[in-house]
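Okay, so here's the structure we're looking at.
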Amino acid sequence: MTTEPTITGLPEHIPAHVAIIMDGNGRWAKARGLPRLAGHKAGTENLRRIIKGCVKFGIKYLTIYAFSTENWGRPEDEVSGLMNIIREVIEKELVELHKEGVQLRHIGHLDKLDPILQKKVMDAVELTRNNQRLILNIAFNYGGRDEILCAVKQIVEEKIPVDQITPELFGSYMFTKDCPDPDLIIRTSGELRTSNFLIWQSAYSEWYFPTTYWPDFDEEELRKAIIAYSERDRRFGKVSSKQD
Ligand code: FPP
């Protein structure tokens with residue numbers, strides 16, 4: 001898949017959809033003698049840089065894992081801190097994101113969140129719904145198994161005939177139904193797990209596991225990830241297009 005570099009120093013074939021598990025905030029903070037929430041704040045600052053990088057590199061879809069269905073089990077102050085962070089991101093960044101042409105979408109369940117926060121998220125989604133430069137899916141209170149179970153329940157409720165249940169139909173019941181499957185999934189911090197993230201959609205995604213903690217994963221690291229992706233031979237269960 002490697003091609004000549006373009007003006008951004010990137011190969012021609014860049015991933016349309018990048019998804020990121022932003023891991024390592026806690027360890028980044030610990031290494032500096034700071035509380036874990038300081039790591040999440042630094043991670044949020046970094047997110048702004050990476051969104052800019054994605055726009056610059058022409059990535060069309062970015063999905064970020066901001067809060068999983070399992071993260072409710074973290075200490076109460078960390079959970080409420082993460083809730084405050086999403087509220088602050090919406091309050092402080094929405095105008096700029098909208099100006100940049102970013103469309104915000106939420107994947108997961110809003111219902112467990114504070115009603116004021118739910119409304120903020122829904123308003124942000126509504127405000128940006130026609131933006132097309134970058135679709136930003138924020139996975140907040142999201143879990144891959146939960147997403148699959150929700151799809152199954154809906155399909156059963158709608159009494160869809162068994163012979164109509166194809167991968168395409170099933171995919172249309174996912175929270176990400178209007179997005180192509182992720183081409184590249186990055187998990188920072190050196191952890192080698194998928195942690196219930198996009199488990200249906202990632203069937204043929206390319207994974208990339210840098211050891212850098214999320215707050216330090218900068219535009220240059222993103223560029224390296226894209227170059228690594230461009231060097232992969234994606235076969236989708238078939239044989240290489242390079243073989244004869
Ligand atoms: C994983 O690091 C990170 C999270 C569970 C939260 C990530 C959230 C942000 C960066 C803020 C997100 C922005 C929005 C839009 C809400 P960890 O805490 O598991 O780190 P550790 O493995 O080093 O402890």
Side-chain angles (χ1 to χ4, degrees), residues 1 14-28 36 39-40 43-44 46-47 50-51 53-54 59-74 78-79 82 85-86 105-109 112 135-153 167-168 170-217 221-222 224-238:
M1 237 196 327
I14 61 155
H17 185 174
V18 174
I20 307 183
I21 302 179
M22 307 178 289
D23 200 5
N25 294 342
R27 279 164 285 164
W28 181 93
R36 292 179 57 81
H40 294 314
T44 307
N46 190 46
L47 181 56
I50 291 301
I51 292 171
C54 286
I59 287 160
K60 288 289 165 207
Y61 300 85
L62 172 65
T63 300
I64 51 159
Y65 205 8
F67 192 88
S68 77
T69 44
E70 288 72 37
N71 287 154
W72 292 104
R74 294 194 173 205
E78 184 167 347
V79 170
L82 284 165
I85 285 178
I86 188 163
R105 294 183 185 173
H106 169 259
I107 62 172
H109 294 285
K112 228 178 146 184
I135 312 289
L136 174 61
N137 291 315
I138 302 180
F140 201 90
N141 194 19
Y142 169 88
R145 287 184 170 179
D146 168 73
E147 180 180 36
I148 290 170
L149 285 181
C150 286
V152 170
K153 286 177 190 168
E168 291 71 28
F170 200 79
S172 74
Y173 282 80
M174 295 286 120
F175 297 130
T176 52
K177 56 181 176 296
D178 300 321
C179 293
D181 286 342
D183 300 294
L184 170 66
I185 307 184
I186 300 168
R187 181 178 190 146
T188 56
S189 89
E191 298 293 341
L192 304 176
R193 286 186 297 281
T194 60
S195 295
N196 207 10
F197 187 45
L198 303 176
I199 51 182
W200 171 265
Q201 300 88 334
S202 61
Y204 283 102
S205 301
E206 296 295 327
W207 283 84
Y208 182 78
F209 296 103
T211 51
T212 318
Y213 294 151
W214 170 249
D216 293 329
F217 184 86
E221 294 257 3
L222 178 64
K224 280 192 215 153
I226 295 170
I227 290 170
Y229 166 83
S230 77
E231 289 168 356
R232 305 270 177 95
D233 181 19
R234 297 188 79 189
R235 296 191 290 279
F236 299 94
K238 304 187 179 89

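The figures that follow rest on heavy atoms only: side chains count, while hydrogens, waters and symmetry mates do not.
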Spacing of [atom1] belonging to [X] relative to [atom2] belonging to [Y], to within rounding of 0.5 Å:
X: Leu198; Y: Met174; atom1: CG; atom2: CE; answer: 10.5 Å
X: Ile20; Y: Ile64; atom1: CD1; atom2: CD1; answer: 8.0 Å
X: Lys224; Y: Tyr208; atom1: NZ; atom2: OH; answer: 6.5 Å
X: Lys177; Y: Gln201; atom1: NZ; atom2: CD; answer: 11.5 Å
X: Leu136; Y: Thr63; atom1: CG; atom2: OG1; answer: 7.5 Å
X: Ile186; Y: Ile21; atom1: CD1; atom2: CD1; answer: 10.5 Å

Side-chain heavy-atom pair [X], [Y] within 4.5 angstrom cut-off:
X: Ile135; Y: Lys60; answer: no
X: Asn71; Y: Arg74; answer: yes
X: Ile226; Y: Ile59; answer: yes
X: Trp214; Y: Asn25; answer: yes
X: Tyr142; Y: Asn196; answer: no
X: Asn137; Y: Cys179; answer: yes
X: Asp178; Y: Arg105; answer: yes
X: Ser195; Y: Arg187; answer: yes

Which heavy atom of [X] sits nearest to which heavy atom of [Y], and what is that distance?
X: Trp200; Y: Pro167; answer: CZ2-O, 3.6 Å
X: Ile138; Y: Ala66; answer: CG2-CB, 4.1 Å
X: Gly39; Y: Trp28; answer: CA-CE3, 3.9 Å
X: Gly43; Y: Pro215; answer: N-CG, 4.0 Å
X: Tyr229; Y: Arg234; answer: OH-NH1, 3.0 Å
X: Leu82; Y: Phe140; answer: O-CZ, 4.1 Å

Donor-acceptor under 3.5 Å ([X] side chain, [Y] main chain):
X: His17; Y: Pro180; result: yes
X: Ser205; Y: Ile185; result: no
X: Asp183; Y: Ala16; result: yes

Is the distance from the ring center of Phe67 to that of His40 below 6.0 Å?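 Ring centroids of Phe67 and His40 are no less than 6.0 Å from each other.
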
Look at the rings of His109 and Phe175 and say which category their plane angle falls in: under 30° parallel, 30 to 60° tilted, over 60° perpendicular.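 Ring orientation of His109 relative to Phe175: perpendicular.
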
The test is side chain to side chain contact (heavy atoms under 4.5 Å, CB included); show your working for Tyr65 and Met22 and say whether it passes. CA-CA 7 Å; Tyr65 205 8; Met22 307 178 289; 5.7 Å; no

As a quick check of understanding, evaluate side chain to side chain contact (heavy atoms under 4.5 Å, CB included) for Cys54 and Leu222, giving each step before the final call. CA-CA 8 Å; Cys54 286; Leu222 178 64; 4.1 Å; yes

Could you walk me through whether Tyr61 and Val18 satisfy the side chain to side chain contact (heavy atoms under 4.5 Å, CB included) test, starting with their C-alpha distance in whole Å, then the side-chain angles of each, then the deciding distance to 0.1 Å, before giving a yes or no? CA-CA 6 Å; Tyr61 300 85; Val18 174; over 6 Å; no

Step by step, work out the side chain to side chain contact (heavy atoms under 4.5 Å, CB included) result for Phe217 and Asn46. CA-CA 7 Å; Phe217 184 86; Asn46 190 46; 4.1 Å; yes

